[in-house]
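Okay, so here's the structure we're looking at.
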Amino acid sequence: GALTGTSATFSGTTTVHNIVQSGSAGNSLYATTFSRSGSGMTVPDIWDVGGTGIAIGHNSSTAMLKVKSYGVIVGGTISGTSATFSSTIAATELNVSQSANSNRSYKLLQGYGYTVGGNYYGQYAIGTTYNSGANTGTLEFFTGSGSSAPTAKLTIASGGTATFSGALA
């Protein structure tokens with residue numbers, strides 16, 4: 001059956017299979033906690049951020065994700081194999097790493113002037129290469145022309161040696 005009316009107060013544990021909003025008035029749920037059997041999280045919460053957005057946290061006082069009118073704020077680490085951002089990123093540190101000791105190259109930052117039909121024009125990038133045998137890293141700066149993929153124009157080795165591709169002006 002349905003519970004209808006303007007308000008209801010429950011105490012203790014209440015099991016609800018779904019909450020359906022009717023009309024445009026919204027629902028007021030204060031300090032709502034969520035759990036899933038075997039999840040290990042005992043008090044995840046969703047709450048209003050002073051009328052400017054919503055917050056989702058692993059507990060009732062730590063906002064790990066805020067959805068605001070101007071964007072999303074992450075209060076922790078973004079991890080995974082790929083992330084794409086289409087606006088400004090504000091961070092105090094960008095850490096790109098892996099736990100395996102193997103040779104690898106990363107593009108830490110890459111972009112382009114514009115794109116048409118899947119082609120990227122005026123590409124640029126900043127990258128790094130790790131050599132597991134020597135246990136050294138390099139910092140690399142890439143640029144491209146037209147729709148060509150960017151190539152390394154400046155490489156700074158771990159010992160401080162700088163290698164330029166092309167002429168110095």
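Every heavy atom of this structure was used, including side-chain atoms; hydrogens, water molecules and symmetry mates were not.
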inquiry  = Tell me whether the count of non-hydrogen atoms from other residues, nucleotides or ligands lying under 6.0 Å of NZ in Lys66 goes above 12.
reply    = no

key: Same apolar cluster (I L V M F W Y, side chains within < 4.5 Å links), Ile126/Ile156   = yes

How far apart are the closest heavy atoms of [X] and [Y], and which atoms are they?
X	Y	answer
Ala125	Gln110	CB-CB, 3.8 Å
Lys68	Thr52	NZ-OG1, 2.6 Å
Asn101	Ser132	OD1-CB, 3.3 Å

Mind checking the [atom1]-[atom2] spacing from [X] to [Y]? Nearest 0.5 Å is all I need.
X	Y	atom1	atom2	result
Arg104	Thr129	CZ	OG1	10.5 Å
Asn135	Asn131	CG	CG	8.5 Å
Leu139	Thr128	CG	OG1	6.5 Å
Ser147	Gln123	OG	CD	8.0 Å

request  = Determine which pairs satisfy ring pair (Phe, Tyr, Trp, His ring centres under 6.0 Å) with at least one residue from residues 98-117, sequence neighbours left out, and list them in order.
outcome  = Tyr112-Tyr120, Tyr114-Tyr121

Validation: residues 160-168 side-chain donor-acceptor distances under 3.5 Å, sequence neighbours left out:
none

task = Please identify each residue that fulfils ring pair (Phe, Tyr, Trp, His ring centres under 6.0 Å) with Phe142, with sequence neighbours left out.
result = none

